J.: 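Questions regarding the structure given below will be posed in turn.
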Amino acid sequence: MHPFRTHTCNELRLSHAGVRARLSGWIHRKRDHGNLLFIDLRDHYGVTQCVIDASSGFFLSATEARPESVITVTGRVVARSPETVNPAVATGEVELAIDDLKMESPAEILPLQVSGDADYGEETRLRYRFLDLRRERQHRNITLRSAIIASIRRRMVEAGFVEFQTPILTASSPEGARDYLVPSRQHPGKFYALPQAPQQFKQLLMASGFDRYFQIAPCFRDEDARADRSPGEFYQLDFEMAFATQDDVFAAIEPILHDVFVEFGDGRGVTGLPFPRIPYDASLDWFGNDKPDLRNPLVMADVGEAFRGSGFGLFARAVDAGGSVIAIPAPAAAARPRSFFDGLNAWARDEGAGGLGYVVFAGHGGAGTEPAADGGEAGVRTPAGKGPIAKHLDDARLEAILTALNDAARRAAEGLGLPPRIYGEGDAVFFVSAEKVKAQRFAAAARERICDELGLREARAFRFTWIVDYPAYERNEETGQIEFSHNPFSMPQGGLDALESMDPLSIKAYQYDIVCNGIELSSGAIRNHRPDIMIKAFAIAGYGEDEVRRRFGGLFNAFRYGAPPHGGCAPGIDRIVMMLADEPNIREIIAFPMNQQAQDLLMGAPAEVDAARLKELSVRLDLPKAKATSGGGGKPEPR
RNA sequence: GGGGGUGUAGCUCAGUCCGGUUAGAGCGCUGGCCUGUCACGCCAGAGGUCGCGGGUUCGAGUCCCGUCACUCCCGCCA
């Protein structure tokens, strides 16, 4: 007989009755009846009930074994009597009547319990992650992650992509996030950087003649964490295609994402192919940001003109000063009590906005008074507006607001498959007014809030969209300088001609993001593979040719000896798993995540190192004064 | 770097607003009882620097100041 097991803890069934079996696992739970002891034995696969009675020689030691001790038990599989069958457990029709028990590894008293579904603080969970990961939900998440990655890998290979590995110790990249740096022993004063993404390597592979690259790529960025952003490191499904247009890239990855989300989505809806595409500018107009959650059906519109010169001075002055008034529809909200509007107003002020103006369209009462979408029909009345702002707006202005919202709703319905809607009687409209960028940012948040207040968010669905036509450049508000808005490696639309003839701020790039449920899964681009266009593109952002050669020498050089037009994308693996696992926090789907302060509480990273090691690296510390540097322990050091 | 929340038994939390006798509960732990449970049950017990430091007060878990830690958000994340 195998020294540890003949079966797993999820294997024994009624058909095994009478068989002699050996199981190994953790003591999940014990039920001690004095002269009869039940042990739920758990392994990766499941749980099997084992039973011992007082007549056995090892009964006492079994009684004393703590939960989470690892044991090996041997005995006979017996069918349970009908009244003792447990239908909640896969092995619930049988139990193992054990006649031998070997303690493989006793457990001390636990800092967190594995059985049951108690909540524990994250600090405890991460410090004892090996215990936390034994728990059902955590165990399931990590297993799901593995299955998703295996499925992605299989689908990528089937689609003709070739998997590569690229360096982890590489050079710092001048754009983007902060790098993690690694001092070089052999070259004092010089540093490696961990890659923020294998961006340049995958482009070099294109220049190397490989046609379709992919990698489940580790990426390292020294930026602060969020619930959906793991500190330090994360994984991307990084891929790149030679001789590919933007449409080719979309056509290659859409079915893979779609099928993976269907495979692991547990019946949740997935956007059909092809995924909708929203130009960046339209996304800002309709949703206030470039990562719209299309489960939210609300479409916004700029209605500044309706307020220009109106009696509502606050908004009229804002418009005259070049600001925006953004309207957010609130379908069927006219029936809501005053407290609904007051509550949203209070929320707006908590968010730091001046407030949230609104108009309620409930003037005429009764049904059937909705205006036709295009207006102009005889006998159609504009519903009368109510609310603090409405009295300052005449019918023509109210009409203009409804027309703008209906126009936006109709166009979004056609392009995105959002439910069509004609606003009018019975609806309400909220207004956000500020300088344009600020107004959009706040309106985006208000749109989400209003959607949830009204219970309009589509449940159990993954709604994908591409955001396309990103601007190539933007003006840095602080410095006034023209900068790359997204990715310096993207091909500007219009190529060299556009760079030479157009206002840089109006040039678009073949740059795109894929967004799912309001979460940016990835950005990608058709790359700039032409050295002459690169020089010009960087010149506009203030980099001389020498600087481009110095900073991107490898890539720049590669493009001088024949490089294929190419492009790609890099969806975030962790966020995909997070959504499919339906977890609100990215750390729930990473086996050993760091905490929000980028510390690994289990391994004790980051840690101090010996002076000798620093000397070897020609590194001397210059620590900030005030702060204790102990890292762990949590106790402040006396000063 | 900034803002919010939290910090009380091994763990999860109540008590803090409105200061007052010996700081409680559940789970876990220890001991005892229990032969059909499956969140087993019953009895008893141990376990506390109320994050840390300072202040106010006759008296501080509770009020004030500072500080540390964790967490959520903003900045940041080509």
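Note that the structure is predicted; figures quoted are calculated from it, not measured. Letters A, B, ... mirror the listed sequences (proteins, then strands); counts begin at 1.
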J.: Is any side-chain nitrogen or oxygen of Q597(A) closer than 4.0 Å to OP1 or OP2 of A69(B)?
T.: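 So the side-chain polar atoms of Q597(A) never come under 4.0 Å of the phosphate oxygens OP1 or OP2 of A69(B).
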
J.: Using a 4.0 Å heavy-atom cut-off across all strands, classify N585(A) as base, sugar-phosphate, or nothing.
T.: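 Sugar-phosphate: the residue N585(A), judged by heavy atoms under 4.0 Å, touches backbone atoms but no base.
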
J.: Contact class for N86(A) vs. all strands (heavy atom < 4.0 Å): base, sugar-phosphate, or nothing?
T.: base

J.: Between D99(A) and R76(A), is the closest basic N to carboxylate O distance under 4.0 Å?
T.: no

J.: Work out how far the P atom of U22(B) is from that of C18(B), and round it to whole angstrom.
T.: 24 Å

J.: Tell me whether the OP1 or OP2 atom of C72(B) has a side-chain N or O from R587(A) closer than 4.0 Å.
T.: yes

J.: For G121(A), report the nucleic acid contact type (base, sugar-phosphate, nothing); a contact means any heavy atom under 4.0 Å.
T.: sugar-phosphate

J.: Rounded to the nearest angstrom, tell me the gap between atom CZ in R31(A) and atom P in U37(B).
T.: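 For the pair R31(A) CZ and U37(B) P, the rounded distance is 10 Å.
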
J.: Regarding E68(A), tell me which of base, sugar-phosphate or nothing describes its non-hydrogen contacts under 4.0 Å with the strands shown.
T.: nothing

J.: Considering every strand shown, what is the Watson-Crick or G-U wobble mate of A25(B) when both distances are under 3.5 Å?
T.: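 Pairing partner: U12(B).
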
J.: Report the base-pairing partner of U62(B) (Watson-Crick or G-U wobble, both distances below 3.5 angstrom), or none.
T.: none

J.: Between U12(B), G36(B), A39(B), which nucleotide has the shortest distance from any of its atoms to the side chain of T84(A)?
T.: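 Among U12(B), G36(B), A39(B), the one nearest the side chain of T84(A) is G36(B).
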
J.: Look through every strand shown and name the nucleotide pairing with U35(B) as Watson-Crick or G-U wobble, where both distances are under 3.5 Å.
T.: none

J.: Roughly, in whole Å, what's the span from NE2 in H33(A) to P in A39(B)?
T.: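 Roughly 11 Å, once rounded to whole Å.
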
J.: I need the M534(A) CE to N528(A) CG distance, nearest 0.5 Å.
T.: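 Interatomic distance, M534(A) CE to N528(A) CG, rounded to 0.5 Å: 6.0 Å.
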
J.: Which part of the nucleic acid, if any, lies within reach of E123(A) when heavy atoms closer than 4.0 Å are counted: base, sugar-phosphate only, or nothing?
T.: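 Counting heavy atoms under 4.0 Å across all strands, the contact made by E123(A) is with sugar-phosphate only.
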
J.: Classify the nucleic acid contact of N595(A) as base, sugar-phosphate or nothing, counting any heavy atom under 4.0 Å across all strands shown.
T.: sugar-phosphate

J.: Suppose we define a pair by two distances each less than 3.5 Å, Watson-Crick or G-U wobble; what does U6(B) pair with here?
T.: A69(B)

J.: OP1 or OP2 of C76(B) less than 4.0 angstrom from a side-chain nitrogen or oxygen of R178(A), does that happen here?
T.: no

J.: In whole Å, what separates the P atom of U67(B) from that of G2(B)?
T.: 10 Å

J.: Does the distance from a Lys or Arg side-chain N to an Asp or Glu carboxylate O, for R42(A) and E68(A), drop under 4.0 Å?
T.: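 Salt bridge flag = yes for E68(A) with R42(A).
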
J.: Could you write out each protein N or O paired with an N or O of nucleotides 26-33 of chain B at a distance under 3.5 Å?
T.:
from   : atom 1 : to      : atom 2 : distance (Å)
C27(B) : O2'    : Q113(A) : OE1    : 3.3
C27(B) : O2'    : Q113(A) : NE2    : 2.7
G28(B) : O4'    : Q113(A) : OE1    : 3.3
U30(B) : OP1    : R66(A)  : NE     : 3.4
U30(B) : OP1    : R66(A)  : NH2    : 3.4

J.: Base, sugar-phosphate, or nothing: which does R29(A) touch, judged by heavy atoms less than 4.0 Å apart?
T.: sugar-phosphate

J.: Measuring only the C1' atom in each nucleotide, how far is G15(B) from U8(B)? A whole number of Å is fine.
T.: 9 Å

J.: Counting any heavy atom closer than 4.0 Å, what does A118(A) reach on the DNA or RNA strands: base, sugar-phosphate only, or nothing?
T.: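 The answer is nothing, as A118(A) stays clear of every strand by at least 4.0 Å.
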
J.: Decide, yes or no, whether a salt bridge links K508(A) with D281(A) under the criterion of side-chain N to carboxylate O below 4.0 Å.
T.: yes

J.: So, is R125(A) near the phosphate of C70(B), with a side-chain N or O under 4.0 Å from OP1 or OP2?
T.: no

